[in-house]
2 protein chains.
Amino acid sequence: MVSHAITLKDIAKQLNVSVSTVSRALSNHPRIGLKTKERVLALAEKLNFRPNPMAVNFKNNKSRNIGIIIPELAKHFYSQLITGAEQLASRHGYNVVICQSNENTHKETILIEALLHSRVEGLLICIANETIDAAPFVKILNSGIPLVFCDREIAGLNISSVISNDYQGAFAATEYLIHKGCKRIAHLAGSENVVNSQYRKQGYVDAISKHGLTYQKIIYTQYDKSQAQVAMRQLLLATPRPEAVLCYNDYVAFDAVEIIKENELEVGKDILIIGFADEPIAQYMTPKLTTVLQPAFAMGEQAMEILLLKLKEGNKAREQMSKILDTQLVIRETA
Amino acid sequence: MVSHAITLKDIAKQLNVSVSTVSRALSNHPRIGLKTKERVLALAEKLNFRPNPMAVNFKNNKSRNIGIIIPELAKHFYSQLITGAEQLASRHGYNVVICQSNENTHKETILIEALLHSRVEGLLICIANETIDAAPFVKILNSGIPLVFCDREIAGLNISSVISNDYQGAFAATEYLIHKGCKRIAHLAGSENVVNSQYRKQGYVDAISKHGLTYQKIIYTQYDKSQAQVAMRQLLLATPRPEAVLCYNDYVAFDAVEIIKENELEVGKDILIIGFADEPIAQYMTPKLTTVLQPAFAMGEQAMEILLLKLKEGNKAREQMSKILDTQLVIRETA
DNA sequence: GGTAGGTGTACAATCGTTTGCACAATATTT
DNA sequence: AAATATTGTGCAAACGATTGTACACCTACC
C-alpha cells in the first residue's frame, strides 16, 4: 500500500488553482486571497501535505546536512559530544552525518573529501591525535564551507573552535593535590605532539611553580595500556616516590591504579590519583576516580551553535569564534 | 573563493556536445561513440566532476538516507551497534540519520513520524524498553518503507529483526555457574514487560531445571540504581544466601557487587556474579566482571545488511528475515 | 470616463540529471 | 542502387517547489 506522496500539484488540481498559488498560499504570500489561503491550508492539512525535502533541497541547492568527524563513536566522550551537537542541529532542521576517523589522519582526509563531495553545508571536526597538516582544513575553508573544530584544534589557523580548558583543569587538579598536602606530584602526560596534552602539562607545571614546589616529574605516554603501566612502574621505583599522580586521562589513571594496587599500596591514601575526562569508568572503578570533568555535551552543543551561526550569516561570518569551556574537578575516592 | 560546482552543462559546453551525451558518456551508455566517451571522461576527470547529489536524489525520488532510532547513543552497546550499521550503510552509499528516543515511547513515535516525512528509505529501530504498541510500526510497513528491529523487538509482528540470543546466553551463564559447583543461583531480572528480560529469565530457569536444582529465586528490577541495590540486599538477607547471582545486565551486576562488598563478602569467592552485555565497565570494575557478551557491532551490521537487501529487492522482499546472534560468556574475575 | 493603483491568480522558467524518442549519418544487406 | 540496420547524437520532458513577470479584474480618484 505505497500511497503516493502528496505534492503541490495534487492540491492544485483538487482546488482548481495553479501550483504556484498553492505554493504561495502555504508560504502566506500577501498577494493570495484570504479565502484561497484558507481553502489551500485546509486541504493541505487534510491530506497531511509535506513539501518533498529532496525537491526543496535541490531547488535551494542546500543539502541540509552537516558533517561531523570524530575519532571514535564508541568513546563515551565523543558520543556525548555528538549528542549535544546532533540535538541542536536537528532542532534547526539539519541532519548530521557522522563519520569516524579511528584516529587515522589519512582516513580523516578521505572523509573530508567525501563529505565535501556530498555537499554538506558545514563541518564539525574533532581531529585525530596525530593530525598536524593544515592543508585539508584550509581546503575546506577555501571551498566556502564553514568549519568548526571541537575538542582538539590545529593552532595558528584562525579556525573557530570549542575546546575544554585543559590548562585550567590540570592547574586546578594540581592545586587541589597541593592543598591536600602533597609535595611530590608527578604527571603521566599524553603525547608531546598533542596540544591538549601540552596544555595539561603546562597547567601542571605552572601550579607546581606557583606554589614554590621543587619536585616535578613528567613522563610522556601515547595512550597505550602497556606504556602507561610501564610509566607508572617507573614512578613507583623512584625514591622518594611521588605522593600523587596527575594522569593525562581516565584510562591512564585506571592503568596507574592497577599498578599501584599490584604493589600493595593504597590508592587515595599512599598515592593520590587524578584522571581527566570523567568517562563512565571513573565511577565504576574501585576506588572511584577523582577526575577533571570535560563538558562533552556542552562542547558539542556550542560547537554546533557556532556552526549554525556561520551557516545563517553566510560568508560574512568568516571571523573566528572560539570558546574555551571550563572543566570541573569531580572529587571521588582516589584523591 | 566559492568555486562554482561543475555540472554536466559545463562539460557539455566545453566539448560542444549536448548535456544528454555527457550524461550517457559518463554512465557508459552503449550508443555513445568511443572517442566521445573518452573526451567526456577526460574532461570530467580534469574538472573533478561529481554529480550533484541533491539533483540525483530528487530525480530518483530517493533520499539515500536510512533512519536509525536507538534509546541512547552514549551507551556503549548502542554506539557499537550504530558503528556496525553505519559502516555498512556508508559502503553502500547511504547516509544514516541517528535519532535517540531516550527510552521514551512517545518520543520514539514522534521520531518515526519525522523520519518518514523526511523520506528515509528504510528504518532500523532499537525500540524503547516500555514500547509495546505495534501501531507505529505497522504504519511504517504500510507506507512501504522497510523496517528492521535490532536488539529489541515486538513479538508477533512478522517484522525482520536481529537480536542476540538472550535465552542461550543466560542458559550458558547459568550452566557455567552450576559447573562451578553452585547450587543456589539467584537471578536479578529486568522488567517483566521487556522481552529480552523474559528470554534471559527463561534461560536461567531452564538451566536450573535441566540440572535438577531446586533453588530458584528471581527478583525483578527496572534498571534503576536503587532498585538493583535493594534487590541485592534482599538476596543477602536470605538464609541460606545464594552462592551466585545472574544479573540482567552489567550495571545491575555492578550494583550487586557494590552491595556485596559493603557486606564484607568477597565477590568471586563468597558469591559469584555474572552480568550481561560486556559493557566497558565490565573490564574496569574491581573485581573484573564475568559477563555475557552481546555482539553489538555484528548486530548493527547484520540488521543493516537485511535492510539493504530489502532496499535492493524492493517491495517483493516483504517476507521476514530474522537472525539471532549467539552471545559469548566472557570469564573474568567475578565468577 | 479614463487612468492609476491594488488585488488575486496563472504562466513559465529554473535548479541538474536522466531517459524515451527522433533523426542523421554511416554501414550492411538484398 | 535501394532498402534496412546500426551507430552516434540531440531535443525535450520529467521530477517538485519557488519565484519573476504578466495579466485580468476591481476600486478609487481626478
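These values consider heavy atoms only, across backbone and side chains, with no hydrogens, waters or symmetry-generated copies. Below, read A as the first sequence line, B as the second, and so on, with proteins coming before strands; counting in each chain starts at 1.
The nucleotide range of DNA chain D contacted by chain A, defined by atoms under 4.0 angstrom from heavy atoms of the protein and reported 5' to 3', is D:dC15 to D:dT21. Bracketed by its first and final contacts, the part of DNA chain C lying under 4.0 Å from non-hydrogen atoms of chain B reaches from C:dC15 to C:dC21 in 5' to 3' order.
Using a distance-only test at 3.5 Å, with no hydrogens or angles considered, no donor-acceptor pair links the side chain of A:E72 to the main chain of A:N102. For the pair B:T36 (side chain) and B:I32 (backbone), a donor-acceptor distance under 3.5 Å is absent.
Residue-level contact check: A:V19 touches the bases, meaning some heavy atom is under 4.0 Å from a base atom. Within 4.0 Å of A:D10, counting heavy atoms only, lies no atom of the nucleic acid at all. The residue B:T7 sits close only to the backbone: its heavy atoms come under 4.0 Å of sugar-phosphate atoms, none of a base.
For residues 147-159 of chain A, the side chain to side chain donor-acceptor pair (under 3.5 Å) pairs, not counting sequence neighbours, are A:Y78-A:D151, A:Y78-A:R152, A:E103-A:R152, A:E153-A:S161. Evaluation of the side chain to side chain donor-acceptor pair (under 3.5 Å) test over residues 12-21 of chain A, restricted to residues two or more places apart or in two chains, returns A:S18-A:S20, A:S18-A:T21.
Listed by chain and residue number, A:Q87, A:L88, A:E301 satisfy the side chain to side chain contact (heavy atoms under 4.5 Å, CB included) test with A:R91 (two or more places apart in sequence, or in another chain). Not counting sequence neighbours, the partners of B:K62 by the side chain to side chain contact (heavy atoms under 4.5 Å, CB included) test are B:N60, B:E121. Applying the side-chain hydrogen bond (donor to acceptor under 3.5 Å, both in side chains) test to B:E113 and every residue at least two apart in sequence or in another chain returns B:K139. In this structure A:A55 satisfies the side chain to side chain contact (heavy atoms under 4.5 Å, CB included) test together with A:N52, B:F58, sequence neighbours excluded.
When all heavy atoms of A:K310 and A:E319 are compared, the pair lying nearest together is NZ-O, 3.1 Å.
B:H106 NE2: 12 or fewer foreign heavy atoms inside a 6.0 Å radius.
Each end of the helix from C:dG1-D:dC30 to C:dT30-D:dA1 yields a helix axis from five base pairs, and these two axes differ in direction by 70° (to the nearest 10 degrees).
Contacts between residues 22-31 of chain B and DNA chain D, defined by a heavy-atom separation under 4.0 Å, are made by B:R24, B:R31. The stretch residues 36-61 of chain A touches DNA chain C through A:T36, A:F58, A:K59, each having a heavy atom within less than 4.0 Å of the strand.
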Without placing hydrogens or testing angles, list every side-chain donor-acceptor pair under 3.5 Å for residues 128-137 of chain A, not counting sequence neighbours.
unit_1	atom_1	unit_2	atom_2	d
A:T131	OG1	A:T105	OG1	2.9
A:T131	OG1	A:E108	OE1	2.7
A:T131	OG1	A:A128	O	3.4
A:D133	OD1	A:A135	N	3.1

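The distance from atom SG of B:C99 to atom CD1 of B:I68, rounded to the nearest 0.5 Å, is 9.0 Å.
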